[in-house]
Amino acid sequence: MSTPGVLAVVTVFYMIPGGLLSDIRDTRGLEGQLLAQGSSDLHHRPKRGWIWKQLFVQEEDPISRIIGQVKSDSDQGEFTIQYILSGEGAGDVFEMDEYSGEIRTLKKLDREEKAFYVLQAQAINRRTNEPAEPQSEFIIKVQDINDNAPQFLNEPYVSSIPEMSPVGTIVAQVTATDADDPMFGNNAKLIYSILQGEPYFSVQPKTGIIVTSWANMDREAREEYLVVVQVKDMLGLSGGYSSSTTVTISLSDVNDNGPTFQQHQYTFVLPENSAVGTTVGSIMADDGDIGINARMTYRLKDDLRESSTFIIETHPETQEGVLLLKRKISFGHQRQYAMDAEAINDHPDTRFLTLDEFSDRTKLKIFVEDVDEPPVFFSALYPWKVPENAAVGTVVGTVSARDTDAVNNPIRYIALVSKALLFDMEIFNICIAGVLIELTDEFNYFFMSQKEGKDGSQNPNTLYCLSFRNCDAYFSSLRCFVSLKLIQLLSAVDPDEAVEEHHFYYSMVPDERINPNFTIRDNQVKMQKKNLTATTSCQSLLKILSSVF
């Protein structure tokens with residue numbers, strides 16, 4: 001049994017940077033504390049457990065080292081006290097000398113894997129096998145070293161800002177972490193800097209926020225930037241670790257460009273026989289912007305009379321101005337047209353340009369091309385009345401046509417000859433060629449006009465209709481001679497009845513003196529009987545004639 005007034009003393013030694021310290025609680029120190037507190041009970045032993053301060057061990061140290069010692073004040077050096085260690089890592093990471101109470105590491109530790117260990121120590125009297133001191137708990141803390149490089153989170157970094165953004169516009173924020181202890185020294189204290197991307201961008205050193213540092217960055221000049229950001233631990237001091245990441249920054253478009261025509265004037269040629277709605281051509285104004293900022297509308301200036309002859313539309317995909325013919329044109333009436341065309345942005349933004357700068361003008365010149373068109377009869381219908389007893393050679397009526405072209409080529413008339421009528425090719429009169437049969441109803445008679453070109457060529461025929469009485473009409477086809485002029489049409493009949501259709505062959509008499517400038521051809525006349533009524537139209541007859549000829 002302990003002597004009254006004598007307290008047990010436990011000494012704990014622990015290693016910290018700088019040397020070996022000890023926490024010695026002796027009777028004199030404790031009595032001094034009690035006297036200072038005014039206690040009169042100096043001989044009463046206070047009831048307490050062991051008081052341990054935490055021990056430290058440096059991480060990544062491969063050498064087994066003594067990191068501290070526990071010792072009971074009842075230990076007189078006679079090895080009568082047995083020290084026992086239990087808890088986290090006991091026997092595996094740490095061991096305790098059962099005689100001296102020294103605590104030793106068994107392997108290197110990683111603070112990032114485990115930052116501290118909670119253990120228990122016991123002091124047992126070997127003779128009595130009774131506790132010399134109550135069991136007490138203490139902590140061994142793994143001390144950090146700078147063995148980890150900072151790492152960026154949430155990669156890859158991609159950001160976009162509008163072009164022309166002012167200086168100081170926030171672009172993005174990069175964030176890095178360091179596995180080292182942020183509470184110990186500067187191992188996990190990070191600093192950000194720009195490795196690539198200046199002078200256009202900069203980064204705030206402590207936050208990793210990237211901002212613009214260049215005014216008026218133009219997307220049309222450069223659309224994408226690669227900014228390399230570096231992070232260092234140890235506040236950027238030498239000996240620390242670093243990492244880097246790349247931030248892809250693109251400039252989004254704003255409407256800071258107006259349309260611009262690359263040509264001062266566009267010239268087109270349009271045939272005079274072009275149909276309404278014909279595409280004359282297209283024009284295009286360039287706009288450096290994209291998407292909705294590049295959309296534009298074309299229009300012709302209303303103060304020019306030519307704008308009523310043409311219209312212009314905007315192609316929805318190509319953004320071209322498509323010029324279309326709005327009404328018929330004629331070479332003889334007007335040979336060229338001149339007008340202005342304007343391109344206007346649909347969505348101007350006056351933060352960047354004035355309203356006038358969102359439009360541009362160009363000139364359009366359209367030349368009408370002369371086309372050799374068929375002649376035109378002065379009337380599409382010639383109704384005549386003919387007595388049934390009219391004599392052969394009686395003039396039934398006269399037709400006339402005109403050439404609408406400026407050159408006014410001569411006109412030839414080609415008849416679709418009926419049984420009783422023919423054309424007088426010289427005076428353009430229709431005369432009776434034979435005895436008329438009894439006529440009771442009206443019938444239609446058709447013929448064509450044709451003009452000769454300067455080189456003797458002929459343009460397509462135009463069919464016109466004359467109104468007569470209804471009868472069985474026989475139509476014979478005439479070939480269109482391209483380079484030869486028809487002087488006379490010969491025909492022959494054979495009164496004999498043939499099983500098949502008669503066919504005659506014509507030739508010049510070889511024994512006679514023949515002018516080499518003339519020839520005769522077999523016209524291969526085909527005859528076909530068609531019944532025409534008062535309702536038969538010229539369009540229907542064209543189909544009939546096509547099947548016959």
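Treat the numbers as computed from the prediction; the structure is a model and nothing was measured.
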Closer than 3.5 angstrom, by distance alone: can the side chain of [X] be matched with the main-chain N or O of [Y] as a donor-acceptor pair?
{"X": "Asp144", "Y": "Phe184", "value": "no"}
{"X": "Thr105", "Y": "Arg65", "value": "yes"}
{"X": "Asn186", "Y": "Lys189", "value": "no"}
{"X": "Tyr192", "Y": "Ala176", "value": "yes"}
{"X": "Glu272", "Y": "Val371", "value": "yes"}
{"X": "Gln263", "Y": "Gln265", "value": "yes"}
{"X": "Thr248", "Y": "Val158", "value": "no"}
{"X": "Thr278", "Y": "Leu325", "value": "no"}
{"X": "Arg111", "Y": "Lys141", "value": "no"}
{"X": "Thr314", "Y": "Gln319", "value": "no"}

What I want to check is whether the side chains of [X] and [Y] have a donor and an acceptor closer together than 3.5 Å.
{"X": "Glu98", "Y": "Gln82", "result": "yes"}
{"X": "Glu133", "Y": "Ser72", "result": "yes"}
{"X": "Gln135", "Y": "Gln120", "result": "no"}
{"X": "Asn257", "Y": "Asp287", "result": "no"}
{"X": "Tyr241", "Y": "Asp180", "result": "no"}
{"X": "Thr297", "Y": "Asp346", "result": "yes"}
{"X": "Asn148", "Y": "Asp178", "result": "no"}
{"X": "Thr245", "Y": "Glu155", "result": "yes"}

Pairwise side-chain contact, [X] with [Y], heavy-atom cut-off 4.5 Å (strictly under):
{"X": "Arg222", "Y": "Leu251", "answer": "no"}
{"X": "Leu119", "Y": "Ile140", "answer": "yes"}
{"X": "Leu85", "Y": "Phe94", "answer": "yes"}
{"X": "Phe201", "Y": "Trp214", "answer": "no"}
{"X": "Ile161", "Y": "Thr212", "answer": "yes"}
{"X": "Asn187", "Y": "Met234", "answer": "yes"}
{"X": "Thr177", "Y": "Leu153", "answer": "yes"}
{"X": "His333", "Y": "Val368", "answer": "no"}

Work out which heavy atom in [X] is nearest to a heavy atom in [Y]; give both atom names and the distance.
{"X": "Ala149", "Y": "Ser242", "result": "CB-O, 4.4 Å"}
{"X": "Gln69", "Y": "Ser100", "result": "NE2-O, 2.7 Å"}
{"X": "Ala343", "Y": "Met296", "result": "CB-SD, 4.1 Å"}
{"X": "Asn345", "Y": "Asn293", "result": "ND2-O, 3.6 Å"}
{"X": "Leu190", "Y": "Pro150", "result": "CD2-CB, 3.8 Å"}
{"X": "Asn255", "Y": "Pro348", "result": "ND2-CA, 3.7 Å"}

What is the distance from atom [atom1] of [X] to atom [atom2] of [Y], rounded to the nearest 0.5 Å?
{"X": "Leu364", "Y": "Ile312", "atom1": "CG", "atom2": "CD1", "answer": "6.0 Å"}
{"X": "Asp349", "Y": "Met164", "atom1": "CG", "atom2": "CE", "answer": "11.0 Å"}
{"X": "Asp181", "Y": "Gln143", "atom1": "CG", "atom2": "CD", "answer": "9.5 Å"}
{"X": "Ile311", "Y": "Leu300", "atom1": "CD1", "atom2": "CG", "answer": "9.0 Å"}
{"X": "Arg104", "Y": "Ile67", "atom1": "CZ", "atom2": "CD1", "answer": "10.5 Å"}
{"X": "Leu323", "Y": "Ser282", "atom1": "CG", "atom2": "OG", "answer": "9.0 Å"}

Item to check | Check against side chain to side chain contact (heavy atoms under 4.5 Å, CB included), Leu226 and Val247 | outcome: CA-CA 6 Å; Leu226 298 179; Val247 183; over 6 Å; no

Item to check | From CA spacing to verdict: side chain to side chain donor-acceptor pair (under 3.5 Å), Glu224, Ser250 | outcome: CA-CA 4 Å; Glu224 186 177 87; Ser250 61; 5.9 Å; no

Next on the checklist: Do the side chains of Asp61 and Lys108 get close enough for a salt bridge, i.e. N-O under 4.0 angstrom?
Outcome noted: no

Checklist entry - Does Lys114 come within less than 4.0 Å of Asp110, counting only side-chain N to carboxylate O? => result no

Take atom [atom1] of [X] as the centre, draw a 6.0 Å sphere, and report whether it contains more than 12 heavy atoms from other residues, nucleotides or ligands.
{"X": "Ile292", "atom1": "CD1", "value": "no"}
{"X": "Ile170", "atom1": "CD1", "value": "no"}
{"X": "Phe367", "atom1": "CZ", "value": "yes"}

Checklist entry - What class does the angle between the rings of Tyr266 and Phe261 fall in, given that below 30° is parallel, 30 to 60° is tilted and above 60° is perpendicular? => result perpendicular

Checklist entry - When the aromatic ring centroids of Tyr225 and Tyr200 are compared, is their separation below 6.0 Å? => result yes

Checklist entry - Does Tyr337 have its ring centroid less than 6.0 Å away from the ring centroid of Phe310? => result yes

Next on the checklist: Would Leu270 and Phe268 count as a side chain to side chain contact (heavy atoms under 4.5 Å, CB included) here? Give the steps.
Outcome noted: CA-CA 7 Å; Leu270 185 65; Phe268 305 99; over 6 Å; no

Checklist entry - Pick from Arg327, Gln334, Lys328: which one makes a side chain to side chain donor-acceptor pair (under 3.5 Å) with Thr309? => result Arg327

Checklist entry - Are Ile209 and Val203 close enough, and set up right, to give a side chain to side chain contact (heavy atoms under 4.5 Å, CB included), and what steps lead you there? => result CA-CA 5 Å; Ile209 295 176; Val203 64; 5.9 Å; no

Next on the checklist: Applying side chain to side chain contact (heavy atoms under 4.5 Å, CB included) to Ile210 and Val229, what does each step give before you reach the verdict?
Outcome noted: CA-CA 9 Å; Ile210 300 172; Val229 179; 3.8 Å; yes

Checklist entry - Taking Asp340 as the fixed residue, which of Lys365, Lys301, Lys363 is the one that meets the salt bridge (Lys or Arg N to Asp or Glu O under 4.0 Å) rule? => result Lys363

